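Here the structure is a predicted model, which is why all the values come from computation and not from measurement.
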Amino acid sequence: MFPLKLSILAVMDSVKLSKKALRLEISKIKKSYSKEELKTMSVPIIKKLLSDSLFIESSTILLYNSLPDEVCTHHLLQMCCQEKQILLPTVVGDKLELHIYDPDKTATGPYGITESRGPLFTDYEIIDLAIIPGVAFDPMGNRLGRGKGYYDKLLPFLRCVKYGICFDFQFVETIPTDSHDIKVDKIIH
């Protein structure tokens, strides 16, 4: 019995090491681009998202306010908040809360991300679509996050369709996974 436990731990450690190595590799690639280049590279990705039929039909969408090294969603937020109910995650302790996006009620969160201070949103059943950030995605819908586990704790509560959006260099052949990892349904890159 003991060797089996040891081998399971070895597999878990190798998954963590592989995830760490992939995060480092993607980080190196991101740093080779300027913020302006990443913004420019975001435009065709956002155009694909805007032309997606589910996105068009959705009235309640979970989105994220991007960091400088992510697909830029700032303009998308401004465009969609008038015609759709947009939800943004807010870091509270070690979890994410969802708040209705109100451009007049925002504050900078603990990671430097502009978060909504609009009303708390808990009716997860009416969310039509979730747009999820990630460090990397693979063709099977596996997602690699930044390693803090925020989305790992949120995604099990979402029954809606989940899209990952990323730059082409973030769309990789395979991502090491753990049992708690939740896949996205579609990746736009």
Side-chain angles (χ1 to χ4, degrees), residues 19 23 35 38-39 42 45-137 141-166 170 175 177-189:
K19 285 183 173 186
R23 283 186 188 102
K35 289 178 185 178
L38 292 175
K39 279 184 181 180
S42 297
I45 299 165
I46 297 302
K47 281 184 180 179
K48 282 183 190 177
L49 181 61
L50 286 168
S51 67
D52 180 84
S53 60
L54 180 58
F55 183 87
I56 292 167
E57 295 166 8
S58 294
S59 58
T60 301
I61 298 174
L62 169 60
L63 196 51
Y64 67 94
N65 210 343
S66 56
L67 289 167
D69 68 345
E70 295 175 323
V71 171
C72 185
T73 60
H74 300 179
H75 184 65
L76 179 64
L77 269 171
Q78 299 309 313
M79 284 176 41
C80 295
C81 71
Q82 301 302 319
E83 56 195 52
K84 298 177 185 293
Q85 180 171 248
I86 301 296
L87 310 173
L88 287 181
T90 299
V91 175
V92 178
D94 66 345
K95 293 189 250 176
L96 293 177
E97 285 184 351
L98 301 185
H99 288 260
I100 297 171
Y101 175 61
D102 180 340
D104 297 324
K105 295 180 181 176
T106 62
T108 303
Y111 295 101
I113 302 169
T114 302
E115 299 176 336
S116 178
R117 295 299 187 245
L120 179 66
F121 183 90
T122 58
D123 192 4
Y124 296 153
E125 294 297 317
I126 69 164
I127 300 173
D128 300 307
L129 178 63
I131 311 298
I132 308 297
V135 172
F137 296 91
N142 294 308
R143 173 188 169 273
L144 178 67
R146 292 185 181 261
K148 300 288 187 186
Y150 289 110
Y151 278 93
D152 292 330
K153 293 172 189 157
L154 174 66
L155 292 177
F157 295 100
L158 303 181
R159 303 289 174 245
C160 62
V161 174
K162 299 163 199 68
Y163 284 3
I165 59 174
C166 65
Q170 294 175 282
I175 290 177
T177 59
D178 290 311
S179 59
H180 66 270
D181 291 331
I182 294 180
K183 295 180 179 197
V184 295
D185 302 294
K186 181 176 182 176
I187 297 113
I188 297 176
H189 59 97

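- Counting heavy atoms from C-beta outward, Leu77 and Asn65 have side chains that approach closer than 4.5 Å.
- Rounded to the nearest 0.5 angstrom, Lys162 NZ and Leu155 CG are separated by 6.5 Å.
- Looking at every heavy atom in both residues, Lys35 comes nearest to Pro68 through CE-CB, 3.9 Å.
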**Request:** Would you sort out whether Ile100 and Gln85 count as a side-chain contact (heavy atoms from CB on, under 4.5 Å), showing the intermediate values?
**Result:** CA-CA 7 Å; Ile100 297 171; Gln85 180 171 248; 3.5 Å; yes
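- Ile187 is listed as a side-chain neighbour of Cys166, based on a closest heavy-atom distance under 4.5 Å.
- Contact annotation: the side chain of Ile113 never approaches that of Thr108 to less than 4.5 Å [non-hydrogen atoms, C-beta and beyond].
- With Ser42 contributing its side chain and Val71 its backbone, the two residues share no donor-acceptor pair below 3.5 Å.
- In this model, a donor atom of one side chain and an acceptor atom of the other lie less than 3.5 Å apart for Tyr111 and Tyr150.
- In this structure the side chain of Leu96 never reaches within 4.5 angstrom of the side chain of Phe157, judged on heavy atoms.
- The line from CG of Leu154 to CD1 of Ile182 is 9.0 Å long, rounded to the nearest 0.5 Å.
- Between Thr60 and the options Ile86, Asp123, Asp128, a side chain to side chain contact (heavy atoms under 4.5 Å, CB included) holds for only Asp128.
- The distance from atom CG of Leu88 to atom CG of Leu98, rounded to the nearest 0.5 Å, is 9.0 Å.
- Between atom CG of residue Leu76 and atom CD1 of residue Ile46 there is a gap of 5.0 Å, rounded to the nearest 0.5 Å.
- The closest side-chain heavy-atom distance from Ser66 to Tyr64 is below 4.5 Å.
- Between Cys81 and Tyr101, the shortest heavy-atom contact is CB-CD2, 3.6 Å.
- Val184 places a side-chain heavy atom less than 4.5 Å from the side chain of Phe137.
- The local environment of NZ in Lys105 is sparse, with at most 12 non-hydrogen atoms from other residues, nucleotides or ligands closer than 6.0 Å.
- Taking the charged nitrogens against the carboxylate oxygens, Glu115 and Arg117 do have a contact shorter than 4.0 Å, which makes a salt bridge.
- With rounding to the nearest 0.5 Å, the separation of CD in Glu97 from CG in Leu87 is 12.5 Å.
- Contact record, Phe55 with Leu49: CB-O, 3.3 Å, taken as the closest heavy-atom pair.
- Interatomic distance, Ile132 CD1 to Lys186 NZ, rounded to the nearest 0.5 Å: 15.0 Å.
- Counting heavy atoms from C-beta on, the side chains of Val161 and Leu54 come closer than 4.5 Å.
- Classification of Lys19 and Asp178 as a salt-bridged pair holds, one side-chain N sitting under 4.0 Å from a carboxylate O.
- Two residues are said to be in side-chain contact when any heavy atoms from C-beta on lie closer than 4.5 Å; Val92 and Thr90 meet this criterion.
- With hydrogens and angles disregarded, a donor-acceptor distance shorter than 3.5 Å links the side chain of Arg23 to the backbone of Gly145.
- For the residue pair Cys160 and Ile127, the shortest heavy atom distance occurs at CB-O, 3.1 Å.
- Counted within 6.0 Å of NZ on Lys39, heavy atoms from surrounding residues, nucleotides or ligands total 12 or fewer; the atom is thus considered open.
- Ion pairing of Asp181 with Arg143 is absent here, as no side-chain N (NZ or NE/NH1/NH2) approaches a carboxylate O to less than 4.0 Å.
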**Message:** Does Leu62 form a side-chain contact (heavy atoms from CB on, under 4.5 Å) with Tyr124? I'd like the steps, not just the answer.
**Reply:** CA-CA 10 Å; Leu62 169 60; Tyr124 296 153; over 6 Å; no
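- For Arg146 and Asp69, the salt-bridge test passes: some basic side-chain N is under 4.0 Å from an acidic carboxylate O.
- Pairing each heavy atom of Gln170 with each of Val135, the nearest pair is NE2-O, 2.9 Å.
- Within 6.0 Å of CD on Gln82 lie no more than 12 heavy atoms contributed by other residues, nucleotides or ligands.
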**Request:** Show your working on side-chain contact (heavy atoms from CB on, under 4.5 Å) between Ile131 and Thr73 and close with a plain yes or no.
**Result:** CA-CA 10 Å; Ile131 311 298; Thr73 60; 5.7 Å; no
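- Residues Ser116 and Asp102 bring no donor and acceptor atom of their side chains to less than 3.5 Å of each other.
- Smallest separation of non-hydrogen atoms from Ser58 and Lys84: O-NZ, 2.7 Å.
- For His75, the NE2 atom sits in a loose shell: 12 or fewer heavy atoms of surrounding residues, nucleotides or ligands are nearer than 6.0 Å.
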